[in-house]
Amino acid sequence: MKQTNTTIISNIPLCPDWFELTFTWDILSGIPMPGQFLTIRIVNQTSPLLRRPFAFSWFDRASSQASIIYQRRGPATALLAGLRTGDTLDCIGPLGNGFEPFISQKSIIAVAGGIGIGPMAFFARTENNNARPIQFVYGCRTASMIPATSWFDDLKTIVCTDDGSVGFKGTTGDYLRSLPANRYSLYDLFCCGPTPMLASCARFAQENNVTCIVSVEQVMACGVGACMGCVVKTIDGFVRSCKDGPVFNAQKLMWES
Amino acid sequence: MKQTNTTIISNIPLCPDWFELTFTWDILSGIPMPGQFLTIRIVNQTSPLLRRPFAFSWFDRASSQASIIYQRRGPATALLAGLRTGDTLDCIGPLGNGFEPFISQKSIIAVAGGIGIGPMAFFARTENNNARPIQFVYGCRTASMIPATSWFDDLKTIVCTDDGSVGFKGTTGDYLRSLPANRYSLYDLFCCGPTPMLASCARFAQENNVTCIVSVEQVMACGVGACMGCVVKTIDGFVRSCKDGPVFNAQKLMWES
Amino acid sequence: MNTPDLGVTIGIKKLPNPVGVASGTFGYGSEYESLMDLSILGALYTKAITLLPRGGNEIPRIIETPSGILNAIGLANVGVDVFVRDKLPFLRTLSSPIIANVAGSIEEEYIAVVEKLESFSGISGYEINISCPNVKHGGLSFGTDPAMVESLTGKLRAKTKLPLIIKLTPNVTDIAVIAKAAEAGGADAVSCINTLIGMVIDTKQKKIVLANKTGGLSGPAIRPIAVAMTYKVARSIQIPVIGIGGIMTADDALQFLLAGASAIQVGTGTFVDPSIPKQVHDGIMAYALCNKLTCIEDFHEFLP
Amino acid sequence: MNTPDLGVTIGIKKLPNPVGVASGTFGYGSEYESLMDLSILGALYTKAITLLPRGGNEIPRIIETPSGILNAIGLANVGVDVFVRDKLPFLRTLSSPIIANVAGSIEEEYIAVVEKLESFSGISGYEINISCPNVKHGGLSFGTDPAMVESLTGKLRAKTKLPLIIKLTPNVTDIAVIAKAAEAGGADAVSCINTLIGMVIDTKQKKIVLANKTGGLSGPAIRPIAVAMTYKVARSIQIPVIGIGGIMTADDALQFLLAGASAIQVGTGTFVDPSIPKQVHDGIMAYALCNKLTCIEDFHEFLP
Ligand SMILES: Cc1cc2nc3c(=O)[nH]c(=O)nc-3n(C[C@H](O)[C@H](O)[C@H](O)COP(=O)(O)OP(=O)(O)OC[C@H]3O[C@@H](n4cnc5c(N)ncnc54)[C@H](O)[C@@H]3O)c2cc1C
Ligand SMILES: Cc1cc2nc3c(=O)[nH]c(=O)nc-3n(C[C@H](O)[C@H](O)[C@H](O)COP(=O)(O)OP(=O)(O)OC[C@H]3O[C@@H](n4cnc5c(N)ncnc54)[C@H](O)[C@@H]3O)c2cc1C
Ligand SMILES: Cc1cc2nc3c(=O)[nH]c(=O)nc-3n(C[C@H](O)[C@H](O)[C@H](O)COP(=O)(O)O)c2cc1C
Ligand SMILES: Cc1cc2nc3c(=O)[nH]c(=O)nc-3n(C[C@H](O)[C@H](O)[C@H](O)COP(=O)(O)O)c2cc1C
Ligand code: FES
Ligand code: FES
């Protein structure tokens, strides 16, 4: 993990308000793993102030290029969307613990909700080359929120839309529950997305005794484990999502009721 | 005077860190006069916060386009320098009192120091078409600070450089003092530039009984006369430079010793 | 659904809506006339009015800070007599309530200003700026001492039936104590907050930027402080609270209203964009409609 | 010209340079090891240490504000015993002085923590966080009452010869009064300032963002307030002042030094860019060289 100025290779819109940012990544800073993130200081000003965390959505070792997929939400991401090829980016990373595909014979279901697609696609595309079968489940509100990328070509993908405009109609949680119950024991779940989605997957997993690994999102101040600002409640008390996470076994987390 | 969103026509570098910004100007907001200014809100963020004042450097009635010449100094002007053709600009203006060429038989010497060139060139180029003979005196540190424009072609111009790299070697005040003393009574002075330059011109004018009109610069909060933040000390007490100025008769001002 | 009535009752008067413009940031109204529709204002708070004209502090008086500004205008104003003669006639032509912001160096000065203004029509109430130093008490700011606040409020109360609003200074250990003193003295409302004391130093020139050395910090930088104080004060007294500090958007204003304020003032925000008071006004109305809030009290139901 | 010696004497110790990292923003040092050269630090102030481990406040704990952040971490820390066992060994390996930031709910807790730490090597001094509520005095913050501050300082003074630094809270009417109480109690220095109380409300969800309701405001937004307080405190006491609040650049730090601080701390700035402490350090050195300042006292000669 290092602080470095990287150079933007491209900053491409994927669907309304979503962008894929690709930049140089020096492997001396460490090799980004799926589920790990970096923090970016977007402007040399006092507002927006804090660095912003984004999960890696890809790392290409050959070209030494890394990517994130981000959504324009507020001041920092609006500024990010204005950056162009050749601009520099103050980055710290790779940070946190990624999705470690623990030893298991089971197939993987990788569930991504909304902008959680970045780290999950990174994970799925990486695992896709390995022995364990993997199924990618992507949930979003409607068809227009499916990013224009080619990854889906390589992945066994189920798209779930809230409005049924394409694929399975319902949430990713609904989709999981729609699978034959006698097959639940064949899967390990990996999830990244909005908290209600994670909670739903975690509930599903607990009820059906399925291993469920989730990546959580908390507001971060330091991003490196120094401030205790980003903690989540676990059965062992508060732990830092930036340093001890953001990937946790869902069983360890205390889900709000 | 109105608040309007104008559209940038061009934003062109003139010399290192100096730019000429041209934008649409609706004459329903008022017709900008030399010496008047506008205030610009450069970003929809909280830092930099205040609108920034800039003097008009030109207004072209035919095309309904106005210009300013600005120097990149801090956060707001750095952001301004990043704007491009087609971007919109939140402007309030025209504000303040311009250089009113009061009735007089004398010739005009228009003295500009540094970035004071914008309003002074606007004044000189406007007066150039009128009956009174006008001489433009531009002072700067060195030859590279002479903006790449064509105005000088039309104006009778003396350039003064501190280092003598071009034109008269010395300040504009030195230049004025180098004129034959018996001709002082033939001139009216109009000045815009850094405070030490204005003070030097005012001293010259007072010592030699020459009328001297100056445009002053104070940090402004409201820019419209409401806050009393931008006052200057005059023989009548504090007056607002944004509303009662920025153009004053040098005689009225209390110059720091 | 009908337009909600977001009028705010303060003492014997009702402000037509909760959005005012803060003292010292709006002159005497005329400066912003060509930039905005003054009739949308729920209240216009004048620049401080003192007994005699005051020139204010030396210059420089203004410096920008991160997300804020520091000002040391001082009590630069024309004095009550010229105010009545030159400024009040224009203010009378406006449909919005005019609240006179009153300042002084001793109790008697505040009282004299209010007494003078009482004999003229066109003023809907008084906002008492107690951030001023009390020269009879070693320059200690009136607003930092509950006894001084209660005494001053009581004496002014005796002079007027119009809304009497005490404007609290945030530069105190416990603002609720001061708010209670104002309530005990008979105030109809409190304004919360005035500026925080700050300083900026020019390290190149090695001197303090403002001629007055310290200035008052305003703008978005102080908003979280102002919201916290509004929340606390609203839970300490029964009279209405007017929230002030760094309001730039309707969302900012709504924070104050949810925190317990019955009205708000836009100050520095007007400098940055004169359309902010109207944007805030419209945004509050839209929020009320969308959340089916029919009066200002409804905004206070959500937070503990 | 020789490199100026900008060491800072505090009680019986000398900090090698004026640039420290603030309590609560630097963990126990190890987190920033791979991001910066820890040896350039003039001091490393630990996260608050209490007698027993504390989990800290519920979440959310952090929200960004205009040019600042609001935090309600609480006194989340491992407790003095685990600190000594797990954290101190790493801190001992650093060349920079380690200042233990000590917190408690009653006087006895502060005393117990200092007593425990006294028996271990590796601590160069104590910074006493008096912003904590005194549960024996109805939760009133220790730091708002001069009598409590003088009493606490005196009792801690009796326990240690090491530098004793009282960290002042800005949420008071007159910070100089509190600084004088710390001096009277025997403090070797004061830190100025801790965070200001603030609140942010989520108007969409209609609830207070931080679980703790209020949080502490830090970052550039508060810098003008911190500089003004540093200026005032430095003119009220004889012991050194350590300036803190919104330092992002060497220029910011220099404002504090010119105002009368003998050292500074970078807090929120380190979150934003971990290279800031070094940039500040190098910038102060360059300024000293360029202005021919040979010691910290030379910085104090310029302002009245
Ligand atoms: C580990 C982690 C990985 C993330 N990965 C991605 C990603 O791959 N793609 C993506 O689009 N977004 C990702 N995010 C969220 C991203 O950080 C926020 O969208 C971004 O910070 C918004 O900043 P803003 O100024 O645009 O919006 P703001 O208006 O400031 O905030 C919008 C929302 O973003 C979140 N946010 C704001 N500040 C922070 C902060 N300092 N730390 C964390 N969250 C914050 C809050 O939920 C807030 O409500 C991730 C967050 C975390 C914690
Ligand atoms: C009436 C008037 C006319 C002006 N005309 C021009 C012009 O034609 N061309 C030009 O380049 N500049 C002009 N200026 C100066 C211009 O406003 C500043 O350069 C600009 O505000 C700098 O902003 P910044 O954020 O880039 O720099 P900052 O780092 O914020 O400030 C740099 C310097 O700019 C000045 N300044 C900063 N804020 C303000 C403010 N709110 N009001 C006034 N001055 C401020 C101060 O002197 C400050 O030291 C004029 C100023 C005034 C008052
Ligand atoms: C330039 C300026 C002048 C001010 N003058 C006064 C004044 O005369 N009387 C007063 O009570 N408050 C005065 N204030 C304080 C404001 O009314 C308001 O309380 C403060 O600025 C906080 O609000 P804001 O952050 O929206 O500006 C002044 C503020 C500014 C910025
Ligand atoms: C996340 C966070 C945690 C903090 N924890 C402590 C603490 O435990 N003890 C303490 O005395 N100050 C604590 N502080 C206050 C800082 O040490 C510092 O006084 C304050 O943040 C102002 O400085 P800054 O603006 O540079 O951050 C904390 C500040 C932050 C932002
Ligand atoms: S963000 Fe600071 S500990 Fe995680
Ligand atoms: S800037 Fe407000 S009166 Fe001139």
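Only this structure's heavy atoms are used, side chains among them; waters, hydrogens and symmetry mates stay out. As the structure is a prediction and not an experimental result, all values here were calculated from the model. Just so it is clear: chains get the letters A, B, ... in the order the sequence lines come, proteins before strands, and each one is counted from 1.
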Q: For Phe142(C), enumerate each residue passing the ring pair (Phe, Tyr, Trp, His ring centres under 6.0 Å) test, keeping only those at least two apart in sequence or located in another chain.
A: Tyr110(C)

Q. Counting heavy-atom pairs under 4.5 Å to chain D, which of Pro220(C), Ala226(C), Ser141(C) comes out on top?
A. Pro220(C)

**Q.** Minimum heavy-atom distance Leu303(D)-Lys206(C), with the two atoms named
**A.** CD2-O, 3.4 Å

Q) Does the side chain to side chain contact (heavy atoms under 4.5 Å, CB included) test come out yes or no for Tyr231(D) and Thr214(C), once each step is laid out? A) CA-CA 10 Å; Tyr231(D) 182 86; Thr214(C) 58; 5.8 Å; no

(Q) Checking the side chain of Tyr287(D) only, and the main-chain atoms of Thr203(C) only, is there a donor and an acceptor separated by less than 3.5 Å? (A) yes

Q | Part of Asn171(C) within contact of chain D (heavy atom distance under 4.5 Å) | A | backbone

Q | Top contributor to chain D interface from Lys232(C), Met199(C), Met248(C), Lys207(C) [non-hydrogen pairs under 4.5 Å] | A | Met199(C)

Q. Most heavy-atom pairs under 4.5 angstrom with chain D, which of Phe299(C), Phe302(C), Phe256(C)?
A. Phe302(C)

Q) Heavy-atom distance under 4.5 Å to chain D: side chain of Lys213(C), backbone, both or neither? A) side chain

Q: Find the one option among Ile175(D), Asp145(D), Leu70(D), Leu196(D) whose heavy-atom pairs under 4.5 Å with chain C are most numerous.
A: Leu196(D)

Q) Pick from Gly68(C), Gly198(C), Gly219(C): which one has the most heavy-atom pairs with chain D under 4.5 Å? A) Gly198(C)

Q) Heavy-atom distance under 4.5 Å to chain D: side chain of Leu217(C), backbone, both or neither? A) side chain

Q. Under a 4.5 Å heavy-atom cut-off, does chain D meet the side chain of Ile225(C), its backbone, both or neither?
A. both

(Q) Counting heavy-atom pairs under 4.5 Å with chain D, which one of Thr65(C), Ile197(C), Thr230(C), Leu257(C) comes out on top? (A) Ile197(C)

Q | Interatomic distance, Leu254(C) atom CG to Lys204(D) atom NZ [nearest 0.5 angstrom] | A | 8.5 Å

Q.
Does any backbone or side-chain atom of Asn291(C) lie under 4.5 Å from a heavy atom of chain D? Answer side chain, backbone, both or neither.
A. side chain

